[in-house]
Chemist: 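Just passing along the structure, written as structure tokens.
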Amino acid sequence: MTFPSRSIPPGVLTVGAVTFTVFAWASAFVSIRSAGAAYSPGALALGRLLAASLVLAVLVLVRRAGLPPREAWRGILVSGLVWFCGYTIALNWGERLVDAGTASLLVNTGPILMALLAARLLGEALPPRLLVGMGVSFAGAVVVGLSMSSGDGGSTSVLGVVLCLLAAVAYATGVIAQKPALSYGTPLQVTTYSCLVGAVACLPFTGQLLAEIPEAPVSATLNMVYLGVVPTALAFTTWTYALARMPAGKLGATTYAVPAIVVLLSWTLLGEVPAWLTLLGGVLCLAGVAVSRYTPRAARTPAEDSPLGASRT
């Protein structure tokens, strides 16, 4: 049976892609914390990227996607080295040294950097609503981070803070590198070969991974595989699908919903009832995303009259 994608409006598909990506990336924070107790940062990154590469390679073969055009390789190489490899290792390491609230707060400086880089390097506009929405969402991320890191189990490390900030820079840089590549290659091609580049860059950690697998609990290994399959292979593909169809700055603003979703996941799956301050921060995160995404109907162009703006067919 063929999925009737042509019968679904492109804007709806883009909304679905963004929603899946945000939820998958939110779940990754929980899985990294779990798997990181048994796997070192480099080994966890390699295992995650190998699992993702296997899934993506199968998708490429099934879809007969082939190699991306030569013009796309510069963005693929930068994205693979900086985002898939650098970001993953830095975040894995950072989450061992700071609590989840602080890590989420620091990584969520990425969309601000992304919007500024997109304006400077890609010529994207910085409309007032986007700036206001980013400010509201960042304030919400600060509230979530402070509320989640103020408990007895919270901990702060200068090195951990620096690593999470480096992860945010790598995240923003990788997205900006991917955007031009998507003008030449498909989302599946760009994601697959970026992931393969990242996996190759992580190969020096092979010895650590092989030594840690026998000692790690099954739950940690399953979390590592989950990180590769869902937040990486599938969510990065849906991310690049959306990135090919909307400005990088606006897409980056949607990830401010991640801290709010992390709170909800912890509440639902772990039974951790959030404090009222955490809930307030989550509401601010979501409100900021709504503000940044809203465009008055009178100001829309016909191509933008869809849930997430213009679509590329």
Side-chain angles (χ1 to χ4, degrees), residues 21 24-25 28-29 31-33 35-36 39-53 56 68 72-98 100 102-118 120-122 157-182 190-209 212 224 227-228 230-233 235-237 239-240 243 248 251-252 255 258:
T21 301
W25 284 357
F29 279 92
S31 291
I32 289 173
R33 293 284 290 179
Y39 288 101
S40 57
L44 179 57
L46 176 60
R48 173 180 180 172
L49 292 176
L50 287 176
S53 296
L56 289 167
W73 275 101
R74 179 179 179 181
I76 288 172
L77 289 173
V78 174
S79 176
L81 291 173
V82 176
W83 192 4
F84 282 76
C85 176
Y87 167 86
T88 304
I89 294 175
L91 182 58
N92 291 348
W93 193 356
E95 283 207 63
R96 292 165 67 99
L97 301 173
V98 301
T102 303
S104 177
L105 162 64
L106 294 170
V107 171
N108 269 282
T109 62
I112 294 177
L113 299 174
M114 191 188 308
L116 295 176
L117 287 173
R120 181 70 178 86
L121 301 178
L122 303 180
S157 160
V158 174
L159 178 58
V161 169
V162 171
L163 287 168
C164 289
L165 288 174
L166 285 176
V169 172
Y171 162 43
T173 304
V175 172
I176 299 306
Q178 269 194 348
K179 182 66 174 178
L182 288 166
V190 172
T191 302
T192 299
Y193 290 96
S194 294
C195 187
L196 288 171
V197 169
V200 170
C202 288
L203 285 179
F205 300 105
T206 302
Q208 291 182 9
L209 179 61
E212 292 170 5
M224 180 173 66
L227 284 167
V230 179
T232 307
F236 273 77
T237 302
W239 169 270
T240 51
L243 184 61
L251 181 58
T255 63
V258 167

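Values below: every heavy atom of this structure, side chains too, minus hydrogens, waters and symmetry copies.
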Chemist: Show me, pair by pair, the donor-acceptor contacts under 3.5 angstrom made by side chains of residues 78-93, not counting sequence neighbours?
Modeler:
unit_1: S79; atom_1: OG; unit_2: Q178; atom_2: NE2; d: 3.4
unit_1: T88; atom_1: OG1; unit_2: F84; atom_2: O; d: 2.6
unit_1: N92; atom_1: ND2; unit_2: P41; atom_2: O; d: 3.1
unit_1: N92; atom_1: ND2; unit_2: T88; atom_2: O; d: 3.2

Chemist: So do V200 and L196 actually touch side chain to side chain, heavy atoms under 4.5 Å?
Modeler: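 No, every pair of side-chain atoms sits at 4.5 Å or beyond.
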Chemist: Minimum heavy-atom separation for L50 and A199, please, with both atom names.
Modeler: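 That would be CD2-CB, 4.4 Å.
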Chemist: Could you tell me the separation between the CG atom of L209 and the CZ atom of F205, rounded to the nearest 0.5 Å?
Modeler: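 Reported to 0.5 Å precision, the distance equals 11.0 Å.
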Chemist: Specify the closest pair of heavy atoms between P180 and A177, including all atoms of both residues, with the distance to one decimal.
Modeler: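 Smallest heavy-atom distance, with atoms named: CD-O, 3.4 Å.
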Chemist: Nearest 0.5 Å please: distance from the CG atom of L44 over to the CD atom of Q208.
Modeler: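 Nearest 0.5 Å value for the CG-CD distance: 11.0 Å.
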Chemist: How about R48 and C202: do any of their side-chain heavy atoms sit closer than 4.5 Å?
Modeler: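 No, every pair of side-chain atoms sits at 4.5 Å or beyond.
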Chemist: To the nearest 0.5 angstrom, please state how far the CG atom of L49 sits from the CE atom of M224.
Modeler: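 Answer rounded to 0.5 Å: 11.0 Å.
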Chemist: Between A51 and G228, which heavy-atom pair has the shortest distance, and what is it?
Modeler: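 Answer, listing the atom of A51 first, then G228: CB-CA, 4.1 Å.
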Chemist: Please identify which of these residues, T240, L182, T232, I76, meets the side-chain contact (heavy atoms from CB on, under 4.5 Å) condition with T191.
Modeler: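 Checked T240, L182, T232, I76 against T191; only one passes side-chain contact (heavy atoms from CB on, under 4.5 Å): T240.
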Chemist: Please name the pair of heavy atoms, one in V175 and one in W239, separated by the smallest distance, quoted to 0.1 Å.
Modeler: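 Closest heavy-atom pair between V175 and W239: CG2-CZ2, 3.6 Å.
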